[in-house]
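So that the names make sense, note that chain A is the first sequence line, chain B the second, and so on, each numbered from 1.
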Amino acid sequence: MAAGEKAILFTPDSCIGCRACQVACHVWNSTRPEVTDFSPTFTNPPDLLPNVWTVMEYKEVGEGDSFDWLFFKRQCMHCSNAPCAEACPAGAIEVHPEGAVVIRQDKCIGCRYCVEACPYDVPRYDPITNKVYKCTMCIDRLQNGLEPACVSACPTDALVFGDYDELVSKYRAAGYEIYGDSVNDYVGRTHYVYATKRWAGKLTDPTYFGDHLLKDPRKPAVSFTRSVVRPVGWALTGLTLVGLLGHLALWRSKRMEEVKKGGE
Amino acid sequence: MTEKFVRAFTEAQIWVHKHLIHFTAAFLLTGLPLISGDWFGWIATALGYPLSNLFGNAYSAYSLGLQIARWIHRLSALGLATVIVPYGVLQLFRIRQWEIWPECWSLSCLTRGIGELIDYYVRKKRPNFGKYNVGQKLWTWAAAIGVIWMYATGLVLWFRDSFSPATWELAHTLHDIGFFLAVIGLAVHVYLATMIPEHRPMLDAMFRTGTLPEEFVKEHHPKWYEKLKAEE
């Protein structure tokens with residue numbers, strides 16, 4: 001498979017909720033599945049976990065007499081601006097040219113700054129290993145010319161993988177509404193892309209998919225620290241040091257004047 | 001004629017100040033690689049490299065260094081608490097005798113104080129200061145409030161599981177703001193204390209003797225001198 005920016009595109013229109021993707025993720029990554037009880041919904045386990053990097057969410061929505069069962073695949077969105085990678089002080093989160101955002105476990109120190117920075121609430125901390133885990137977009141498969149495991153396992157092509165722009169253009173031309181190719185300045189664009197015709201206009205509606213596909217994904221405090229506190233803080237520190245050097249020169253000149261006057 | 005000396009700092013103040021310096025240095029050295037790995041990552045590498053072989057593949061040398069830095073940061077917080085909490089509690093019993101209270105409470109009073117600071121530190125004049133000038137008083141208050149600020153936000157970050165994610169995010173931002181304010185304040189404090197030759201007797205008093213020559217007090221803190229003379 002050629003190198004370059006890739007996307008995994010999920011369309012809930014074709015998803016049958018079989019969870020083959022969820023199983024394939026566990027198999028390929030050798031992550032232990034959770035033993036769970038039935039949750040109030042069919043989503044099982046109910047949320048992402050350190051060893052559960054993707055979850056199929058089942059949501060019942062209805063308007064008037066109509067009723068829909070939505071299937072939504074949840075995992076890391078693999079943002080191009082990757083706020084998690086920017087927040088990581090250990091440089092443990094790599095953004096690959098394919099678009100995969102990957103946590104290097106040998107570098108992760110478990111500080112959870114990535115958890116703070118992620119607006120999609122994806123990275124999961126494991127207190128036993130003191131490390132953070134999430135979907136890797138199967139970077140090990142991509143680099144060996146294979147599709148991500150979840151895509152390979154999907155029986156209905158609800159998950160497809162390919163060159164980013166090509167895939168998005170193809171689906172857009174076919175009349176699909178897209179989430180991910182241009183989100184905002186905080187996350188950039190996401191390499192997990194969502195496309196729908198059936199629920200057009202509802203992708204960012206919280207009743208449907210909008211509780212995860214946020215209109216303006218952003219962590220205000222993290223964003224403020226990054227764009228205001230640190231640049232302004234360093235600038236003021238620099239100005240202070242320059243000011244003190246200036247004071248040193250001024251004080252020295254005054255002392256020299258005094259010495260001169262004393263000598264006269 | 002033998003030179004007369006005036007006691008400016010108690011042994012306890014000298015001891016607490018000395019340990020404040022040790023722990024502040026530890027906080028800065030271990031916090032800097034976390035706030036800016038690009039500029040201060042070398043500190044993490046220096047801390048982690050010697051021990052990296054012991055930990056096998058669990059951590060890279062750099063990450064191990066960061067991990068060590070985080071633990072030193074936290075242990076320093078505990079260490080500093082053992083020094084300043086008892087000292088702070090004891091100080092509360094003599095709150096009325098504190099010499100860092102403002103002499104008057106008005107904006108004009110503050111602006112006059114700031115004008116005197118400019119006279120003293122820029123124009124090299126000798127305003128009628130008491131034991132502490134407005135700058136020294138403000139710095140002491142800022143340091144005390146800053147320590148509480150950094151402890152409050154730092155403890156949220158340390159024990160983040162007990163708080164909501166929104167609280168950690170806010171605490172992290174406030175801890176960062178506190179860091180920059182502390183660095184700027186410390187730069188000014190250390191500069192004024194060490195780089196002005198005329199003020200060196202203060203340095204001796206704070207680090208060694210606890211006393212100031214009477215002539216220095218008379219020239220630099222005349223109001224305090226008058227008060228001392230009146231008490232004699």
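Note that the CG atom of B:L157 and the CZ atom of A:R112 stand 10.0 Å from one another [nearest 0.5 Å]. Taking CD of B:E169 as the start and OH of A:Y113 as the end, the distance is 13.0 Å to the nearest 0.5 Å. The CD atom of A:E258 lies 6.5 Å from the CD atom of B:E198; values are rounded to the nearest 0.5 Å. We find the OG-CD distance between B:S60 and A:Q105 to be 12.0 Å, quoted to the nearest 0.5 Å.
By the 6.0 Å contact criterion, CZ on B:R126 is enclosed, its count of non-hydrogen atoms from other residues, nucleotides or ligands being greater than 12. When the shell of 6.0 Å around NZ of B:K131 is examined, it contains more than 12 heavy atoms from other residues, nucleotides or ligands.
Counting heavy-atom pairs under 4.5 Å between each of B:L174, B:D161, B:D38, B:L170 and chain A puts B:D161 at the top. Ranked by heavy-atom pairs shorter than 4.5 Å toward chain B, the options A:V115, A:L250, A:T240 are led by A:T240. Looking only at heavy-atom pairs under 4.5 Å with chain B, the residue among A:L241, A:T237, A:L239, A:N130 that has the most is A:T237. In terms of heavy-atom pairs under 4.5 angstrom with chain B, the leader among A:T225, A:L244, A:V232 is A:L244.
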Got a list of side-chain donor-acceptor pairs under 3.5 Å for residues 176-193 of chain B, not counting sequence neighbours?
unit_1	atom_1	unit_2	atom_2	d
B:D176	OD2	A:R230	NE	2.7
B:D176	OD2	A:R230	NH2	2.7
B:H189	ND1	B:W139	NE1	3.2
B:Y191	OH	A:H247	ND1	2.7
B:Y191	OH	A:L248	N	2.9

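Inter-residue side-chain proximity for B:K124 and A:W251 is flagged as met; some heavy-atom pair is nearer than 4.5 Å.
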